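Just so it is clear, the model here is predicted, and its values are computed rather than measured. The basis for the numbers below is simple: all heavy atoms, side chains too, and nothing from hydrogens, waters or symmetry mates.
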Amino acid sequence: ANRIGFPCIESTAVTSDGTNTTVSFNPHQGSVNFFGGFWVKISQTVVTGTEPLQFTTTGVSGSTVPVYLQSGTQATVANIVTSGGSVFLCFYDRDNNRVTLIS
């Protein structure tokens with residue numbers, strides 16, 4: 001979504017397998033060396049829930065990563081409740097392959 005400035009990616013789907021809720025993104029340009037903050041726009045409606053949250057890039061094997069809160073606990077669906085179009089700030093720690101939801 002944002003090609004210049006602070007990176008932003010937009011979700012293509014939010015799905016649940018009954019155990020985890022996964023937010024999917026189209027493959028996006030980015031450096032394999034990316035480390036830092038980025039925006040996530042959740043375009044779908046997300047209702048509250050207790051399932052653990054994870055992000056994945058559609059069609060990229062091994063790209064699914066759990067999303068954590070700043071406290072270190074795994075984020076749940078309740079942390080991204082939206083009627084669609086909400087934007088959240090995240091941080092990617094490449095060294096630990098960890099996404100943290102900031103807000």
Side-chain angles (χ1 to χ4, degrees):
N2 184 8
R3 296 177 193 258
I4 299 174
F6 210 63
C8 180
I9 55 177
E10 186 172 350
S11 63
T12 57
V14 177
T15 58
S16 170
D17 64 5
T19 303
N20 294 295
T21 293
T22 304
V23 179
S24 300
F25 303 95
N26 281 328
H28 39 276
Q29 280 188 296
S31 166
V32 293
N33 294 319
F34 180 80
F35 189 111
F38 63 100
W39 295 105
V40 170
K41 181 178 180 183
I42 307 292
S43 298
Q44 297 73 25
T45 297
V46 178
V47 295
T48 194
T50 59
E51 288 184 2
L53 182 64
Q54 55 189 20
F55 288 171
T56 194
T57 302
T58 303
V60 178
S61 179
S63 67
T64 302
V65 294
V67 178
Y68 292 89
L69 300 174
Q70 290 176 291
S71 65
T73 60
Q74 190 167 358
T76 66
V77 179
N79 298 113
I80 62 160
V81 171
T82 178
S83 58
S86 292
V87 178
F88 300 91
L89 179 61
C90 297
F91 183 86
Y92 179 64
D93 177 353
R94 178 188 66 238
D95 295 339
N96 296 301
N97 194 31
R98 186 175 178 134
V99 173
T100 301
L101 180 65
I102 305 299
S103 65

Quiz item: Any side-chain heavy-atom pair from Ile102 and Gln70 closer than 4.5 angstrom?
Solution: yes
Quiz item: Which residues satisfy the side chain to side chain donor-acceptor pair (under 3.5 Å) test with Ser43, sequence neighbours excluded?
Solution: Glu10
Quiz item: What residues, two or more places apart in sequence or in another chain, satisfy side-chain contact (heavy atoms from CB on, under 4.5 Å) together with Thr76?
Solution: Ala78, Asn79
Quiz item: Taking only residues two or more places apart in sequence, or in another chain, which ones meet Val60 in a side-chain contact (heavy atoms from CB on, under 4.5 Å)?
Solution: Thr57, Ser63
Practice problem: With sequence neighbours excluded, tell me which residues meet side chain to side chain donor-acceptor pair (under 3.5 Å) with Ser24. | Solution: none
Quiz item: With sequence neighbours excluded, what pairs up with Ser11 under the side chain to side chain donor-acceptor pair (under 3.5 Å) test?
Solution: Gln44
Practice problem: Drop me the distance from Thr19's OG1 to Gln54's CD, to the nearest 0.5 angstrom. | Solution: 9.5 Å
Self-check item: Arg98 versus Gly72, closest heavy-atom pair with distance
Solution: NH2-O, 3.3 Å
Self-check item: 4.5 Å side-chain heavy-atom contact, Phe55 and Ile9
Solution: no
Exercise. Write out all pairs satisfying ring pair (Phe, Tyr, Trp, His ring centres under 6.0 Å) with one or both partners inside residues 56-93, taking only residues at least two apart or from two chains.
Key: Phe35-Phe91
Quiz item: Rounded to the nearest 0.5 Å, how far apart are OG1 of Thr82 and CD1 of Ile42?
Solution: 8.0 Å
Practice problem: Output all residues satisfying side chain to side chain donor-acceptor pair (under 3.5 Å) with Asn96, sequence neighbours left out; order by chain, then residue number. | Solution: Asp93
Quiz item: Does Ser71 have any side-chain contact (heavy atoms from CB on, under 4.5 Å) partners at least two apart in sequence or in another chain, and if so, which?
Solution: Leu69, Thr73
Quiz item: About how many Å separate OG1 of Thr22 and CG of Leu53, when rounded to the nearest 0.5 Å?
Solution: 8.0 Å
Practice problem: Say whether, by atom type as modelled, one donor and one acceptor occur between the side chain of Ser16 and the main chain of Gly18 under 3.5 angstrom. | Solution: yes
Practice problem: Return the set of residues passing side-chain contact (heavy atoms from CB on, under 4.5 Å) with Val77 (not counting sequence neighbours), or none when no residue passes. | Solution: Thr21, Val46, Glu51
Quiz item: Can you check side chain to side chain contact (heavy atoms under 4.5 Å, CB included) on Thr12 and Phe25, steps first, answer last?
Solution: CA-CA 5 Å; Thr12 57; Phe25 303 95; 5.6 Å; no
